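Working notes, structure below.
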Amino acid sequence: MLEENKRGLVGVTDKKVETKRLLIFLALCFGVPWVMEIFGVIPMYRSGDVEIVKDAAEMISQIMLAPALAALVTRLFTREGLVKSGFQFNFSEQRFLFLFGWFGMSVLTFLGAVIYFLVFRDNFDPNMTNFVASYSESAAGAQLTPVEIVAGVKTDLLVKFFTAAVLDFINAFGEEWGFRAFLLPKLFRKVGTIPAMIITGFASGLWYAPLVTIGYFYGEGNSGFPVLNIVAMCLFGTVTGIIYAFLTLRTGSIFPAVFAHSAINVMMGQASQFTFDGGNFFIGPAPTGVLAGIPLIITAVICLIHIHKYPVVASTEEDNQ
């Protein structure tokens, strides 16, 4: 295992420029998107105009590429290049972790929903009453019976289980190539493995702060809004970020983390369709909730324990040449 890790993402580099690279990346990664969101997206979202709100949603989708673009600009500006940038696709050497990236987060999201419904049994609605009523009012659902709508959703869920890892690939890549392929190795060399995993996860959650203030992920109007929502997003980012960081460090590839991130983005809201009240983002059945997030939390702890017991070994100077 140690020999395999020497071919991984983390290698010896010129430490004199690491701080410069970090500052440039953080300024671009946080500064540019936050300015766009605070002065562009948020006013557009709150305008009340349907078309303008749609444009705001489109901007949000584009902003998801900001971490990757920040990493690219930093790499080019500081002449770091694309050495050890996580693009190797070493599936044959890391089959289990690649497959976990593809299917694991979907399974953990499903298990979290099961835990939620075991606790809140009265909120489980196999007939999807609220969703069916809402969907029937749309043009697509007007000609379908409730049975057909439910059957269609269940079929869609089955397809998504096998394809979710690539359905949101671009947005997931935008975050992972920035936070896990660039920021993580930099912090690894400065503060150590476990602190770097935790910090990058926290940072990826904090990155959403302006969007959280308009209801992204956790809704709005709850007690403690928006501070509580931002804290919850940071905690969710930390838990999932630890898992993404583990996959990245162990494989030396960004792809398992991208698959995992895409999968959880796609599967996150699926279980709420089977509730009477839409669920609670702080509790479940979405994995953002503390109850439905238990499988993710346990997995993150296991990742930290494993990486502490079997540390990642940076490649030598000769390995980089």
Side-chain angles (χ1 to χ4, degrees), residues 41-42 44-61 64 105-168 171-172 208 211-223 225-226 228-229 232-233 236 262-293:
V41 172
I42 293 177
M44 292 170 65
Y45 183 82
R46 290 176 174 165
S47 68
D49 187 295
V50 175
E51 293 302 319
I52 294 178
V53 171
K54 288 182 179 179
D55 291 339
E58 182 65 25
M59 285 184 65
I60 292 174
S61 179
M64 293 303 162
M105 300 304 266
S106 295
V107 172
L108 294 176
T109 301
F110 172 78
L111 292 177
V114 169
I115 293 173
Y116 172 84
F117 285 123
L118 286 175
V119 175
F120 296 95
R121 295 174 185 267
D122 293 339
N123 201 26
F124 179 63
D125 178 18
N127 296 320
M128 306 174 67
T129 307
N130 284 343
F131 176 81
V132 169
S134 176
Y135 189 76
S136 296
E137 295 176 358
S138 68
Q143 306 300 320
L144 300 176
T145 66
V147 173
E148 290 173 329
I149 294 174
V150 172
V153 171
K154 291 180 179 179
T155 301
D156 182 62
L157 276 175
L158 181 62
V159 173
K160 283 180 177 176
F161 177 79
F162 290 98
T163 61
V166 291
L167 292 181
D168 199 34
N171 287 340
Y208 282 95
L211 297 179
V212 173
T213 65
I214 56 173
Y216 206 78
F217 271 94
Y218 286 92
E220 55 185 333
N222 57 278
S223 178
F225 176 85
L228 178 61
N229 302 50
M233 188 65 228
F236 178 69
S262 173
I264 202 167
N265 284 353
V266 172
M267 301 301 290
M268 183 178 297
Q270 302 303 311
S272 64
Q273 298 174 136
F274 293 88
T275 64
F276 286 105
D277 61 4
N280 185 301
F281 291 110
F282 294 94
I283 300 174
T288 53
V290 64
L291 187 61

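Treat the numbers as computed from the prediction; the structure is a model and nothing was measured.
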Do the side chain of [X] and the main chain of [Y] share a donor and acceptor less than 3.5 angstrom apart?
X    : Y    : value
E58  : K54  : no
Y218 : T288 : yes
S262 : A164 : yes
N123 : F276 : yes
N229 : G219 : yes
N127 : T129 : no

To check you understand the geometry: which heavy-atom pair defines the closest contact between [X] and [Y], and what is its length?
X    : Y    : result
D156 : Q270 : OD2-OE1, 4.5 Å
P287 : F236 : O-CE1, 3.5 Å
A113 : A271 : CB-CB, 3.7 Å
F225 : T213 : CZ-O, 3.1 Å
S136 : I149 : OG-CD1, 3.4 Å
A263 : S106 : CB-OG, 3.8 Å

**OP:** Dump the intermediate steps for side-chain contact (heavy atoms from CB on, under 4.5 Å) on Y45 and I60, then the final yes or no.
**Re:** CA-CA 10 Å; Y45 183 82; I60 292 174; 5.7 Å; no
Side-chain contact, heavy-atom cut-off 4.5 Å: [X] with [Y]?
X    : Y    : answer
I283 : F120 : yes
L157 : F274 : yes
L291 : F282 : no
V153 : M128 : yes
Y208 : L211 : yes
M105 : M267 : no

**OP:** Would you please test N130 and D125 for side-chain hydrogen bond (donor to acceptor under 3.5 Å, both in side chains) and show each step?
**Re:** CA-CA 9 Å; N130 284 343; D125 178 18; over 6 Å; no
Original post:
Quick one: are the ring centres of F217 and F281 less than 6.0 Å apart?
Top reply: no
**OP:** Walk me through it: do N171 and N265 pass the test side-chain hydrogen bond (donor to acceptor under 3.5 Å, both in side chains)?
**Re:** CA-CA 9 Å; N171 287 340; N265 284 353; over 6 Å; no
**OP:** Measure the spacing between CE of M268 and OG1 of T109 and express it to the nearest 0.5 Å.
**Re:** 7.5 Å
**OP:** For atom CG of D122, decide whether the heavy atoms of other residues, nucleotides or ligands shown that lie under 6.0 angstrom number more than 12.
**Re:** no
Original post:
Just wondering, more than 12 heavy atoms not from F131 lying within 6.0 Å of its CZ?
Top reply: yes
